[in-house]
2 protein chains.
Amino acid sequence: MVLPRAARTQRRTRIQEEKEELILEAALDVFATHGFRGSTIDQIAEVAGMSKPNLLYYFRTKEAMHRALIDRVLDSWLDPLREFDAEGNPVSEIRSYIRRKLEMARDFPRESRLFANEILQGAPHIEDELKGPLKTLVDEKAEVIRVWAKAGKIAKCDPYHLIFAIWSTTQHYADFDVQVRGVLGEERSGDGRFEDAARFLEQLFVSGLEIKEESA
Amino acid sequence: MVLPRAARTQRRTRIQEEKEELILEAALDVFATHGFRGSTIDQIAEVAGMSKPNLLYYFRTKEAMHRALIDRVLDSWLDPLREFDAEGNPVSEIRSYIRRKLEMARDFPRESRLFANEILQGAPHIEDELKGPLKTLVDEKAEVIRVWAKAGKIAKCDPYHLIFAIWSTTQHYADFDVQVRGVLGEERSGDGRFEDAARFLEQLFVSGLEIKEESA
DNA sequence: TGATAATTTGACCGGTTGGTAAAACATTAC
DNA sequence: GTAATGTTTTACCAACCGGTCAAATTATCA
């Protein structure tokens, strides 16, 4: 008997495990480059190498696929920010946060674009996550930064906008990759651009947040 | 007699002028929030308040509409960078470039999202512009920055990545607006966030590019 | 005013879209 | 091995998509 996916309560088959993995991998490809509305189930099915109805056997709707993908990716996407350590040295914490975010942009550009597409289009599917878990996490880390600034360990600045700046500058290399490579030209479009970016951004943020001795 | 749009060689009617304006306005709305593939002609027609065939009387295809929009917007989008003055004071040039870009993010978020969508999805319609006029302009301004750095007027840095950083941090407030407002919360989602952002970014880039006296 | 050209509309078309039904096929448990 | 369950496919549907057509309507101007 064929049970609708949602009704299957527990115990997933080996095949289920494998195929769902395969599908989400394909879905990431497609959603990341075309956004939700611009993607078609047929397209995902083709990338996954299976028929559309077969795909719909594992995820009953396009929405369900997208949901599953977001859920899986969002968590790991926030890991670098979670690792941000209140006890650590402020400058090196910020420096390594930048580096980690840049590594993610380099190694997981599709994940970055998945969110970028989603947020650009008004975040219709992840509004709750934005205002919930994400906001909570950012609030927490912003407080850490605020305390650092107050204690005179880094320059006074708005911690939220600092976080936004780190997000935008690093994710830029994933989301706007075509533009970056287009502008840099063929010669500079190798992986070296990430090292150059890391060097520049670390310099920018580290000197940019240094304490200015106004009254010593 | 009804002439196909492309065959009309010159002399546009008042109505043509008005309607084309109306359509491009509506198209900007729709393309900016859904991307090219995610947008439908019906949708644009509805926003423009006219029937689909009527809309197609002015622009014969969806592509033509998108093309016209890109052409109209791209030029003005690059104005702030063009104003970047080699003769001016480096710090104040950079500062006012940031401010102008931030003003555009505030006043023309749809235009920003139109490009963001396009580039995010691989820039299928503007690849030539990226590698042509845009690259040329950036090359030119990057050279200006390089000379400034060489002359010791600002810190040594990769000018291309500096430009990318300014683009990404400022456009972030247009492209990722939902996220920014979600994270800042209701209280801080007023227009004040742009002033806060301006203050932070000017501080970041100005101190970040200050000369460090290593050997005086 | 009337002729002429410009604009607008409703009906329509072939292809694509998200999704379904049912039967064929494969796998597993006993 | 066989029965039960899990998986895949073929055929299909209604809604939507980009776009066409011809007729109806409106604006322009001699």
Side-chain angles (χ1 to χ4, degrees), chain A residues 1-27 29-31 33-69 121 124-125, chain B residues 1-27 29-31 33-69 121 124-125:
Chain A
M1 195 238 270
V2 54
L3 279 180
R5 179 92 212 348
R8 276 184 256 135
T9 43
Q10 56 234 78
R11 194 93 64 197
R12 307 192 332 172
T13 330
R14 173 185 51 85
I15 295 181
Q16 267 169 52
E17 211 98 36
E18 287 171 9
K19 290 291 162 91
E20 285 175 14
E21 185 65 27
L22 195 68
I23 290 167
L24 288 180
E25 178 67 17
D29 251 43
V30 177
F31 283 136
T33 40
H34 297 112
F36 182 76
R37 288 183 45 157
S39 302
T40 72
I41 299 183
D42 293 84
Q43 221 179 331
I44 297 168
E46 199 193 324
V47 173
M50 62 177 77
S51 68
K52 178 169 62 172
N54 194 7
L55 191 153
L56 285 163
Y57 170 74
Y58 293 101
F59 296 92
R60 300 197 316 179
T61 64
K62 190 178 159 185
E63 290 252 10
M65 275 178 40
H66 193 252
R67 198 28 327 133
L69 200 53
Q121 311 192 356
H125 305 96
Chain B
M1 194 240 273
V2 54
L3 280 182
R5 179 92 212 351
R8 276 183 256 135
T9 42
Q10 56 235 80
R11 196 86 68 193
R12 308 192 330 174
T13 329
R14 173 184 51 86
I15 294 181
Q16 267 169 51
E17 210 99 33
E18 287 172 11
K19 288 293 161 92
E20 284 175 15
E21 185 66 26
L22 195 69
I23 290 168
L24 289 181
E25 177 67 18
D29 251 43
V30 177
F31 282 135
T33 40
H34 300 291
F36 182 76
R37 287 183 45 159
S39 302
T40 72
I41 299 183
D42 293 84
Q43 222 179 332
I44 297 168
E46 199 193 323
V47 173
M50 61 179 76
S51 68
K52 180 168 60 169
N54 194 6
L55 191 153
L56 286 163
Y57 170 74
Y58 291 101
F59 295 93
R60 301 198 314 181
T61 64
K62 190 178 159 186
E63 290 251 11
M65 276 178 42
H66 192 252
R67 189 50 306 142
L69 201 53
Q121 310 191 356
H125 304 97

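So that the names make sense, note that chain A is the first sequence line, chain B the second, and so on, each numbered from 1.
The side chain of A:Thr40 lies closest to C:dT17, out of D:dT9, C:dT17, C:dT8. Looking at the side chain of A:Pro53, the nearest of the listed nucleotides D:dC17, D:dT10, D:dT8 is D:dT10.
Panel note: side chain B:Lys62, backbone B:Ser39; a donor-acceptor pair is recorded below 3.5 Å.
In this structure, CE of A:Met50 is placed 9 Å from P of D:dT9, rounded to the nearest angstrom. The distance from atom CD1 of B:Ile44 to atom P of D:dG19 is 11 Å, rounded to the nearest whole Å. Computed from coordinates, the A:Glu20 CD to D:dT7 C1' distance equals 13 Å when rounded to whole Å. With rounding to whole Å, B:Phe59 atom CZ is found 14 Å from D:dG19 atom P. Rounding to whole angstrom units, NZ of residue B:Lys62 and C1' of D:dC17 are separated by 8 Å. One interatomic measurement links the two molecules: NE2 of B:His66 to P of D:dG18, which rounds to 13 Å at whole-angstrom precision. When rounded to the nearest whole Å, the span between CD of B:Glu18 and P of D:dT26 equals 17 Å. Here D:dT20 presents its P atom at 13 Å from CG of B:Leu55, a figure rounded to the nearest Å.
Checking the phosphate oxygens (OP1, OP2) of D:dT8, no side-chain nitrogen or oxygen of A:Ser51 falls inside 4.0 Å. For the pair B:Tyr57 and C:dT7, the criterion of a side-chain N or O lying under 4.0 Å from OP1 or OP2 is met. Regarding contacts with the backbone of D:dT7, every side-chain N or O of A:Asn54 stays at 4.0 angstrom or more from both OP1 and OP2.
Of all the heavy atoms in B:Ala27 and B:Met65, the pair that sits closest is CB-CE, 3.5 Å.
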Decide yes or no on side-chain contact (heavy atoms from CB on, under 4.5 Å) for B:Lys19 and B:Tyr57, but give the supporting numbers first. CA-CA 10 Å; B:Lys19 288 293 161 92; B:Tyr57 170 74; over 6 Å; no
Pair A:His34-A:Val30, side-chain contact (heavy atoms from CB on, under 4.5 Å): steps then yes or no: CA-CA 6 Å; A:His34 297 112; A:Val30 177; 4.2 Å; yes
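A donor-acceptor contact under 3.5 angstrom links the side-chain atoms of B:Lys52 to the base of D:dG18.
Using cut-offs of 30° and 60° on the angle between ring planes, the pair B:His66 and B:Phe31 is perpendicular.
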